[in-house]
Amino acid sequence: MSGPGRRPQTTIFTTMSALAQRHGAVNLGQGFPDESGPAHVIEAAATAMREGHNQYPPLAGVPELRQAIAAHQERWYGLTPDPADGVSVTAGATEALTAAMLALVDPGDEVIALEPSYDSYKAAITMAGGTLVPVRLDAPEYRLDAARLAAAVTERTKLLLINSPHNPTGTVLHRDELAAVAALAVERDLLVVTDEVYEHLVFDGREHVPLASLPGMWDRTVTISSAGKTFSVTGWKIGWATGPAELVARVQDVKQWLSFASGTPFQYGIAAALGSDDGFYRGLAAGYQERRDLMVNGLKEIGFEVYEPEGTYFVTASVAPFGYEDGLRYCLELPERCGVVAIPTQVFYLDQAPRPVVRFAFCKRPEVIAEGLRRLGAGPA
């Protein structure tokens, strides 16, 4: 609770979105699509509302959605969570991650996460009384160093928090990298929580491999994902945790004291969405790959040093060629100077030291991306 004279802290996303509104800027910062979800998904939720599905759902989620999530995991990855006790629906992936940290991490425990890491990770780990231990992914390749990961494990390490496809770098962990994570988890008897919200946004023929599908990992892994990124309905806040019943039950025990349950008609909409045919998922990835290429090529032409992502809907780029070593200063000046919003990636590091790398979101209509690039190219560097 905020004490007298203390102002509540706001995230970088709140700050930058406010600047976007103030200056009429093209918001290439916060990761939400500017298009609504597929028509059949919207209609499924609307039908659920009209049919009276507007009260509290069960704590674990409506049965139709739990069954759809379990079927999705089997269809794409050969995983078979029990829809009765191996699936828990949450208010977005952030709640699932927070509940997992509160459920599985005790005061004094260490949690290893890949850095840069999404800002909610540190908050959730801190609330649980744990300590975030970052393992750096270094530019320009942003690959996982297995030796560096192993060296970070101590007697206090409780859990590995693995995000792939990775926000903000766009790295998609290869099978050999994931195998190294799995071997370490088994050897040191560590729990694993995976953040896989960008699972269907993988480019250039790459594959997304859930850690839970590797040998020895099912019984120690909670897999987290959500509908917002795949179906362009981020405001619905429908996420889920899947895995062995014992771990999912622990997550759900905490989740009941957070939101308890939410989004009843939206849950029916996502149950319908997850059953979309292969053409939808292929088209999704292909469409975002085209937007990625538009953003990457445009930023390169302007003069940015660009790190091409393998997945997600973010591109990171260095502003050092323009004389900036502090990405935060660059991003705070950018809306007024050029009418564009980006996110400084230094906020995703534990030390938050100045770094020249910023993140652009390409989950926008091509014409919006083009306008953002035009403004960046026309405005002062």
Side-chain angles (χ1 to χ4, degrees), residues 56-106 109 111 113 120-121 124-125 127-128 130 158-164 178 181-182 185-186 189-197 199 208-228 230 236-264 266-268 270-271 274:
Y56 295 124
L59 169 62
V62 301
E64 291 86 347
L65 178 53
R66 284 183 278 137
Q67 291 162 3
I69 293 167
H72 170 275
Q73 294 301 89
E74 183 171 18
R75 169 187 177 186
W76 291 103
Y77 313 120
L79 298 170
T80 55
D82 187 333
D85 57 17
V87 178
S88 185
V89 178
T90 59
T94 300
E95 184 187 52
L97 286 159
T98 301
M101 295 304 107
L102 292 171
L104 303 175
V105 176
D106 295 317
D109 287 344
V111 177
S120 75
Y121 294 178
I125 293 165
M127 282 191 283
K158 179 70 168 293
L159 187 146
L160 305 177
L161 175 51
I162 303 297
N163 173 211
S164 179
L178 293 166
V181 176
V186 171
D189 194 23
L190 303 175
L191 296 174
V192 178
V193 172
T194 65
D195 175 355
E196 304 181 17
V197 299
E199 60 187 308
H208 168 65
V209 180
L211 256 176
S213 67
L214 272 60
M217 293 306 293
W218 173 257
D219 289 335
R220 65 180 68 248
T221 303
V222 174
T223 301
I224 291 171
S225 193
S226 73
T230 300
W236 288 13
K237 297 296 290 181
I238 301 297
W240 50 84
T242 64
E246 189 273 331
L247 292 182
V248 171
R250 292 169 65 181
V251 174
Q252 188 168 280
D253 284 347
V254 173
K255 180 261 190 304
Q256 71 179 321
W257 303 114
L258 298 176
S259 67
F260 178 75
S262 61
T264 301
F266 300 142
Q267 292 193 28
Y268 285 95
I270 299 307
L274 287 170

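Proximity of L214 to V209: side-chain heavy atoms (C-beta onward) are separated by under 4.5 Å at one or more points. Residues L65 and L274 have side chains in contact (heavy-atom distance under 4.5 Å, counting atoms from C-beta outward). Residues P81 and W218 are in side-chain contact: their nearest non-hydrogen atoms beyond the backbone lie under 4.5 Å apart. When side chains are defined from C-beta on, L161 counts as touching L97, because their heavy atoms get closer than 4.5 Å.
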- Passes side-chain contact (heavy atoms from CB on, under 4.5 Å), D219 versus E246? Steps please. CA-CA 9 Å; D219 289 335; E246 189 273 331; over 6 Å; no
- Task: Would you check, one step at a time, whether the test side-chain contact (heavy atoms from CB on, under 4.5 Å) holds for V193 with M101?
- Result: CA-CA 9 Å; V193 172; M101 295 304 107; 3.9 Å; yes
- Item | Step-by-step side-chain contact (heavy atoms from CB on, under 4.5 Å) determination, R250 to V222 | CA-CA 10 Å; R250 292 169 65 181; V222 174; over 6 Å; no
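Annotation for A91 and S262: closest pair CB-OG, 3.6 Å, computed over non-hydrogen atoms. Considering every non-hydrogen atom in both W240 and T90, the closest pair reads N-OG1, 3.5 Å. When all heavy atoms of K158 and L104 are compared, the pair lying nearest together is NZ-O, 2.8 Å. Closest approach of G243 and V248 over heavy atoms only: N-CG2, 3.5 Å. Between V192 and A185 the shortest heavy-atom distance is CG2-CB, 3.9 Å. Contact between V251 and A96 at its shortest, heavy atoms only, is CG1-O, 4.2 Å.
Between the K255 side chain and the F260 main chain, a donor and an acceptor come within less than 3.5 Å of each other. At least one donor-acceptor pair under 3.5 Å links the side chain of Q256 to the backbone N or O of D253. Without hydrogens or angle criteria, R66 side chain to V87 main chain gives no donor-acceptor distance under 3.5 Å.
To the nearest 0.5 Å, atom OG of residue S213 and atom CG of residue L178 are 8.0 Å apart. Distance check, rounded to the nearest 0.5 Å: OG of S120 to CG of D195 gives 7.5 Å. Taking OG1 from T194 and CG from N163, the interatomic distance works out to 9.0 Å, rounded to the nearest 0.5 Å. How far CD of Q267 is from CD1 of I238: 5.0 Å, rounded to the nearest 0.5 Å. Atom CG of L191 is separated from atom CG of L247 by 6.0 Å, given to the nearest 0.5 angstrom. Put simply, CG on L79 and CD1 on I69 are 13.5 Å apart, with the number rounded to the nearest 0.5 Å.
A perpendicular orientation is assigned to the rings of Y77 and H72, their planes being inclined by more than 60° (bins at 30° and 60°).
Taking the side chain to side chain contact (heavy atoms under 4.5 Å, CB included) definition, one finds that T98 meets it with T94, L102, A124, M127, sequence neighbours left out.
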